[in-house]
Amino acid sequence: MQKQSLEFYSNINPLVGLSSKTLRLYSALEVFRGKSESQDKPEWFRTPNRDELLGKVGLTETDISTGITELLDANLLKIQDRNRDEWYCLQ
């Protein structure tokens, strides 16, 4: 059987290859999605006190920043600025 590369599997499932902290961030953002969603676009949500709340699950500001970058690079997250608020959409 031929071995496949990490890139091959990440094309099938973009969560493959992400760091454990980024996976934890992705899961935590899933919780925010149900609590602060947009009225006109329910797939978009805000994360009030994001850094404080994510800090409670053991993520530092650096972990959050790095994780968001990884999620954006993997096309698993979109961010919009609306009225000085960041809105997120998980893919």
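- Tyr26 places a side-chain heavy atom less than 4.5 Å from the side chain of Leu76.
- Between the CG atom of Leu25 and the OG1 atom of Thr66 there is a distance of 10.0 Å, given to the nearest 0.5 Å.
- At a threshold of 4.5 Å between non-hydrogen side-chain atoms, the residues Tyr88 and Ile68 count as touching.
- Within the structure, salt bridge (charged side-chain N to carboxylate O under 4.0 Å, His left out) contacts touching residues 71-80 (residues at least two apart or in different chains) do not occur.
- Ile79 is not listed as a side-chain neighbour of Trp87, based on a closest heavy-atom distance of 4.5 Å or more.
- Using a distance-only test at 3.5 Å, with no hydrogens or angles considered, no donor-acceptor pair links the side chain of Ser65 to the main chain of Glu61.
- Side chain of Arg24 to main chain of Val57: a donor-acceptor pair is present (N/O by atom type, distance under 3.5 Å, no hydrogens or angles).
- Ser19 pairs by the side chain to side chain donor-acceptor pair (under 3.5 Å) definition with Thr22, not counting sequence neighbours.
- Inter-residue side-chain proximity for Lys21 and Leu59 is flagged as met; some heavy-atom pair is nearer than 4.5 Å.
- Separating the CG atom in Leu90 from the CG atom in Leu77 is a distance of 6.0 Å, to the nearest 0.5 Å.
- With a 4.5 Å cut-off on side-chain heavy atoms, Arg46 and Arg82 do not count as touching.
- Residues meeting the side chain to side chain donor-acceptor pair (under 3.5 Å) test with Thr60, sequence neighbours left out: Asp63.
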